[in-house]
Undergrad: 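Have a look at this one.
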Amino acid sequence: MLKHNRKKNLILGFISLCCLSTYSQEHNVSAGYQKPSDPQVLQNLETWQDLKFGLFMHWGTYSQWGIVESWSLCPEDEGWTQRKPQHGETYYDYIKNYENLQKTFNPIDFNPQKWADAAKAAGMKYVVFTTKHHDGFAMFDTKESDYKITSPNTPFSINPKADVTKEIFSTFRNEGFKIGAYFSKPDWHTEYYWWPYFPPKDRNVNYDPLKYPDRWEKYKTFTYNQINELTSNYGKVDILWLDGGWVRPFKTIDQNVEWQRTIKVEQDIDMDKIGGMARKNQPGIIVVDRTVPGEWENYVTPEQAIPEHPLDIPWESCITMGNSFSYVPNDHYKPTQKIVETLVKIISRGGNYLLNIAPGPNGDFDQAAYDRLQELSSWVAINESAIYATRAVTPYHEGDYYYTRSKDYKTINVFHLSEDNDYQQPETFQFTIPENFEVKDVKLLGYKKKIKWTKNNDTMVVKVPKMDAKYATVIQLITK
């Protein structure tokens with residue numbers, strides 16, 4: 001993920017989620033959103049906003065050490081980049097040992113059908129997978145590098161499912177998911193980004209691309225070719241999710257954002273050329289060039305946080321189920337009630353929820369993750385009509401009540417959260433009716449009988465029977 005210091009800029013306020021850890025830094029949202037002009041992209045964005053709930057997966061060789069993804073390679077003195085001494089006494093020993101993880105990576109329990117089945121049952125509609133993180137290790141069969149899962153240097157390469165990106169994409173696609181390819185623009189393995197002639201100083205390129213244009217041109221070609229592979233050889237790809245926002249034109253740096261002020265050199269990789277190629281390969285593909293406002297940031301991506309207020313642009317919060325984006329032994333997984341509350345808050349503000357689960361070195365999720373997905377499945381099955389293909393509606397949120405509406409404005413969905421340790425459903429609900437909405441009928445999702453309700457001006461009172469409700473209750477207001 002794109003990590004940075006926790007100082008917030010003034011563009012958006014955030015409410016932080018519980019359990020923000022040293023593995024998970026908040027993420028600033030770029031200003032200056034530019035609405036796409038391509039009609040197919042606009043239609044795909046509309047469809048994507050209907051999906052609401054997706055699965056994010058960070059997976060790589062680093063899972064064997066149970067450490068934060070890639071970031072310990074970065075010579076920045078941050079709490080979340082700390083290197084464990086048992087993995088190397090010096091920086092260069094550590095780098096060598098880290099890269100040797102390729103030689104022991106053998107996730108023989110890898111079974112993407114198991115993931116897809118669990119995610120689908122839990123109501124997830126799209127998947128975003130880390131095809132390559134900042135460390136440069138490709139989880140796909142790139143021809144640009146031998147630092148990849150399909151290399152003979154990787155034990156798993158002899159497995160029939162060695163190209164895990166291909167297996168994940170095809171499996172999830174067959175289950176009706178939209179497909180997203182996460183790709184890191186910076187690559188700390190290739191000599192075209194971190195040139196061995198110089199030591200790396202921070203997350204940025206370690207030479208001046210304007211001083212060494214031939215080397216930078218090779219990096220641009222390297223990046224272009226890998227994205228071309230992903231958008232040519234892996235079937236239908238709906239989202240190209242580009243991380244590493246310090247690789248950007250120098251003129252786009254926002255001086256109000258602390259981590260962007262660390263960028264000292266030009267790092268333009270020609271997104272017009274890359275984006276044009278991706279759209280030629282995959283017409284209408286949604287491109288997410290994170291934190292770089294303009295034509296190629298088709299939606300914005302707050303990280304580990306929810307915007308405090310609804311946004312009138314497409315957005316998605318990427319949030320971990322545990323404390324870390326990558327696999328950590330004995331990670332603390334958020335309770336299912338917290339996941340439901342997070343989903344409700346996000347969709348009431350018009351966003352999508354991209355929930356990250358990290359596979360371990362054996363190629364499977366922790367059982368706790370499956371348990372959460374199973375618990376989600378029963379709640380989503382009851383309340384799906386209030387979740388998908390909805391949009392934000394005033395008053396958005398009042399007290400314990402959160403609102404969404406159907407796209408035709410014929411239904412208002414009112415979610416009740418208690419945010420106690422265990423959800424407590426009251427016998428009487430009282431909340432504001434959105435303006436200019438004439439209520440003709442009221443339903444309690446999950447309850448088949450008629451319920452008692454009255455309204456007084458803009459206030460609705462609903463009396464319901466005591467039910468064994470979990471996580472949240474949804475009341476549906478219906479007009480003609």
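All values reported here derive from a predicted model rather than from experimental measurement.
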Undergrad: Is a side-chain donor or acceptor of Glu341 paired with a backbone partner of Ala472 at a separation under 3.5 angstrom?
TA: no

Undergrad: How about Ile269 and Ile274: do any of their side-chain heavy atoms sit closer than 4.5 Å?
TA: yes

Undergrad: State whether the number of non-hydrogen atoms from other residues, nucleotides or ligands found under 6.0 Å of Asn330 atom CG is greater than 12.
TA: no

Undergrad: List the steps and the verdict of ring pair (Phe, Tyr, Trp, His ring centres under 6.0 Å) for Tyr471 and Tyr423.
TA: CA-CA 5 Å; Tyr471 314 132; Tyr423 176 72; 8.5 Å; no

Undergrad: Counting the benzene-type ring for Trp, do His397 and Tyr403 have ring centres under 6.0 Å apart?
TA: no

Undergrad: Side chains of Asn383 and Tyr388 only: does a donor on one sit below 3.5 Å from an acceptor on the other?
TA: no

Undergrad: Have a look at His58 and tell me which of Trp71, Phe129, Phe365, Phe325 forms a ring-ring contact (aromatic ring centres under 6.0 Å, His included) with it.
TA: Phe325

Undergrad: Is there side-chain contact between Arg349 and Pro307, with heavy atoms separated by less than 4.5 Å?
TA: no

Undergrad: The test is ring pair (Phe, Tyr, Trp, His ring centres under 6.0 Å); show your working for His133 and Tyr182 and say whether it passes.
TA: CA-CA 8 Å; His133 206 263; Tyr182 170 111; 5.5 Å; yes

Undergrad: Minimum heavy-atom separation for Lys185 to Thr223, with atom names?
TA: O-OG1, 4.3 Å

Undergrad: Evaluate the criterion salt bridge (Lys or Arg N to Asp or Glu O under 4.0 Å) for residue pair Glu46 and Lys407; output intermediate values, then yes/no.
TA: CA-CA 11 Å; Glu46 182 75 13; Lys407 290 167 72 174; 3.2 Å; yes

Undergrad: State whether the number of non-hydrogen atoms from other residues, nucleotides or ligands found under 6.0 Å of Glu427 atom CD is greater than 12.
TA: no

Undergrad: Would Lys148 pass as a cation-pi partner of Phe137, given that its NZ or CZ must be under 6.0 Å from the six-membered ring centre and within 45 degrees of the axis?
TA: no

Undergrad: Please check this pair: side chain of Arg203 against backbone of Trp246, looking for a donor-acceptor N/O pair closer than 3.5 Å.
TA: no

Undergrad: Side-chain contact, heavy-atom cut-off 4.5 Å: Gln113 with Glu175?
TA: yes

Undergrad: Please find out if less than 6.0 Å separates the ring center of Trp315 from that of Tyr33.
TA: no

Undergrad: Is the distance from the ring center of Tyr353 to that of Phe53 below 6.0 Å?
TA: yes

Undergrad: Side-chain polar contacts of residues 231-241 - donor-acceptor pairs under 3.5 angstrom, sequence neighbours left out - could you list them?
TA:
{"residue": "Thr231", "atom": "OG1", "partner": "Ile227", "partner atom": "O", "Å": "2.8"}
{"residue": "Thr231", "atom": "OG1", "partner": "Asn228", "partner atom": "O", "Å": "3.4"}
{"residue": "Thr231", "atom": "OG1", "partner": "Asn281", "partner atom": "ND2", "Å": "2.9"}
{"residue": "Ser232", "atom": "OG", "partner": "Asn228", "partner atom": "O", "Å": "2.7"}
{"residue": "Ser232", "atom": "OG", "partner": "Asn228", "partner atom": "OD1", "Å": "3.1"}
{"residue": "Ser232", "atom": "OG", "partner": "Asn281", "partner atom": "ND2", "Å": "3.2"}
{"residue": "Tyr234", "atom": "OH", "partner": "Asp141", "partner atom": "N", "Å": "3.0"}
{"residue": "Tyr234", "atom": "OH", "partner": "Asp163", "partner atom": "OD1", "Å": "3.4"}
{"residue": "Tyr234", "atom": "OH", "partner": "Asp163", "partner atom": "OD2", "Å": "2.7"}
{"residue": "Lys236", "atom": "NZ", "partner": "Asp238", "partner atom": "OD1", "Å": "3.0"}
{"residue": "Asp238", "atom": "OD2", "partner": "Ile179", "partner atom": "N", "Å": "2.7"}
{"residue": "Trp241", "atom": "NE1", "partner": "Tyr299", "partner atom": "OH", "Å": "3.4"}
{"residue": "Trp241", "atom": "NE1", "partner": "Glu316", "partner atom": "OE1", "Å": "2.9"}

Undergrad: Would you call the rings of Tyr401 and His416 parallel, tilted or perpendicular, where under 30° means parallel and over 60° means perpendicular?
TA: tilted

Undergrad: Find the distance between CD (Glu167) and CE (Met139) and round it off to the nearest 0.5 Å.
TA: 12.0 Å

Undergrad: Honestly, is Lys273 close enough over Tyr224, meaning NZ or CZ under 6.0 Å from the six-membered ring centre and within 45° of the axis?
TA: yes

Undergrad: Once you round to the nearest 0.5 Å, how far does CD of Glu295 lie from CG of Asp38?
TA: 9.0 Å

Undergrad: Mind checking the CE-CE spacing from Met277 to Met271? Nearest 0.5 Å is all I need.
TA: 8.5 Å

Undergrad: Between Tyr402 and Phe415, is the gap from one ring center to the other below 6.0 Å?
TA: no

Undergrad: Under the ring pair (Phe, Tyr, Trp, His ring centres under 6.0 Å) rule, what do Trp59 and Phe110 come out as? Steps first, then yes or no, please.
TA: CA-CA 11 Å; Trp59 192 29; Phe110 171 61; 5.6 Å; yes

Undergrad: If you compare all heavy atoms of Asn44 against all heavy atoms of Gly284, which two are closest, and at what distance to 0.1 Å?
TA: ND2-O, 2.7 Å

Undergrad: Report, as yes or no, whether the 6.0 Å neighbourhood of atom NZ on Lys410 holds more than 12 heavy atoms from other residues, nucleotides or ligands.
TA: no

Undergrad: Would you give me the side-chain donor-acceptor pairs under 3.5 Å for residues 435-462, sequence neighbours excluded?
TA:
{"residue": "Glu438", "atom": "OE2", "partner": "Lys440", "partner atom": "NZ", "Å": "2.8"}

Undergrad: A quick test of your reading: do over 12 heavy atoms of other residues, nucleotides or ligands sit less than 6.0 Å from CD of Gln374?
TA: no

